[in-house]
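One structure is given below, encoded as structure tokens.
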Amino acid sequence: MFALFSRILKLAGPYKGRIQGAFVCAFVESILSKMPIFLAFVVLSGFAAGTLTGQTCLYVGLGLAAAVLVQMLVHYLSDSLQSAAGYLMFAEKRMELGGHLRKLPMGYFTSGKISSVLSTDMVFIEEVAMSTLGNMMSYLLSSLVLLAFMFYLNWQLGLIAALVTILAWLVSRGMNKVSLREAAGRQEQSERLTDAVLSFVEGIGVIKSYNLLGEKSEELTGNFKRSRNTSLAFERKMTPWTMGLNVLYGIGIAAIFGLSVFLERSGVLSLAYVLGVLLFVFDLFGPLKALYGEASRLTVMNAALDRI
């Protein structure tokens, strides 16, 4: 995954700073997104200890409002920076492609590869993949923040969370290998579909004149069906990996919550800390789930970059 991040940064060229700035904003956002849970933990701790005052509640409310406002700002900056970088860098790539194509013979333009790259691959990266980069970095950093907080609550709970995180990373490596292999075939089928559509549209006059509509329409319909089947096959091969990750997260959540209750009964953890675990545990692996759920977009982006 980090290799895919590195690849898009190298491709960005002079716009790399915008993407790196989006990563910084994503880091700040990942911290601020967990502030409501942390502030709730502070309130519960004060309530359990009998030290909660009206002034504390006022400070917590002001802190929550400030965290939400700053999070809105950094989220806007993150989206603006990475989206702008995507559109700018591919505007230059299109100009470079145009300068190269003007030197080629006209017969070359009968291929659907150029149209497929322009209308599918580049558009997918600049509109979908680029907006995903900051989100994925935010998910990654959020998972690290939550993991650190679990170690702060109790090292045994943190150890379970770290073990689940490592196992999820190992499973995701296998999932990414499958996704990378299947993404190439998916993009190739997209090229064949584009070629079939262009051939049908360009030759529609001849097709009608010689009454070939049924034959050519059947060929076009067959390409749409193959594209559908390719996409469905891609999802079928990814589903077992996703289900495995979800099962792993569920086992981790149950183990952490069960251990926290056991530690509270043993006198190791206070009730306030158990309530803190209850606040965090159901959101603990949420960022990892979202991160690996969107990893397939990066693999499709990698296949699209290979074609570009």
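Side-chain atoms are counted along with the backbone in the values below, which use heavy atoms only and exclude waters and symmetry mates.
Each of Val74, Leu73, Val24 was evaluated against Glu29; a single residue qualifies, Val74, per the side chain to side chain contact (heavy atoms under 4.5 Å, CB included) test. Looking at Leu167, Thr165, Leu159 one by one, the single match for side chain to side chain contact (heavy atoms under 4.5 Å, CB included) with Leu163 turns out to be Leu167.
Shown here are the side-chain hydrogen bond (donor to acceptor under 3.5 Å, both in side chains) partners of Tyr59, two or more places apart in sequence or in another chain: Gln55.
Distance CD1/Ile160 to CD1/Ile251: 12.0 Å, rounded to 0.5 Å. Remark: Met175 CE to Thr239 OG1 distance equals 11.0 Å, nearest 0.5 Å. Taken to the nearest 0.5 Å, the CZ atom of Arg265 stands 12.0 Å off from the CG atom of Leu263.
If you chain together hydrophobic residues whose side chains sit under 4.5 Å apart, Ile19 and Leu77 never meet in one group. Hydrophobic clustering, with ILVMFWY side chains joined whenever heavy atoms are under 4.5 angstrom apart, groups Tyr249 together with Leu170. Residue Val42 is grouped with residue Leu32 when hydrophobic side chains (ILVMFWY) are merged at heavy-atom distances under 4.5 angstrom, including chains of intermediate members. Under the 4.5 Å side-chain contact rule for hydrophobic residues, Trp169 and Met150 share a cluster. A single hydrophobic cluster is seen to contain both Ile253 and Leu144, as judged by linkage of ILVMFWY side chains at heavy-atom distances under 4.5 Å, directly or through other members.
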_Run the side chain to side chain contact (heavy atoms under 4.5 Å, CB included) test on Trp241 and Leu245 for me, step by step, so that the C-alpha distance in whole Å, both residues' side-chain angles and the decisive distance to 0.1 Å come before the verdict._
CA-CA 6 Å; Trp241 295 95; Leu245 286 172; 5.7 Å; no
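When all heavy atoms of Ser78 and Cys25 are compared, the pair lying nearest together is CB-CB, 3.8 Å. Nearest heavy atoms, Leu147 versus Ala161: CD1-CB, 3.5 Å. The two residues Leu81 and Arg18 come nearest to each other via the heavy atoms CB-O, 3.5 Å. When all heavy atoms of Ser260 and Leu157 are compared, the closest pair comes out as N-CD2, 3.9 Å. The minimum heavy-atom distance linking Leu64 with Pro36 is given by the pair CD1-CG, 3.7 Å.
For the pair Met35 and Phe38, the minimum side-chain heavy-atom distance is below 4.5 Å. The shortest side-chain heavy-atom distance between Arg236 and Leu232 falls under the 4.5 Å cut-off.
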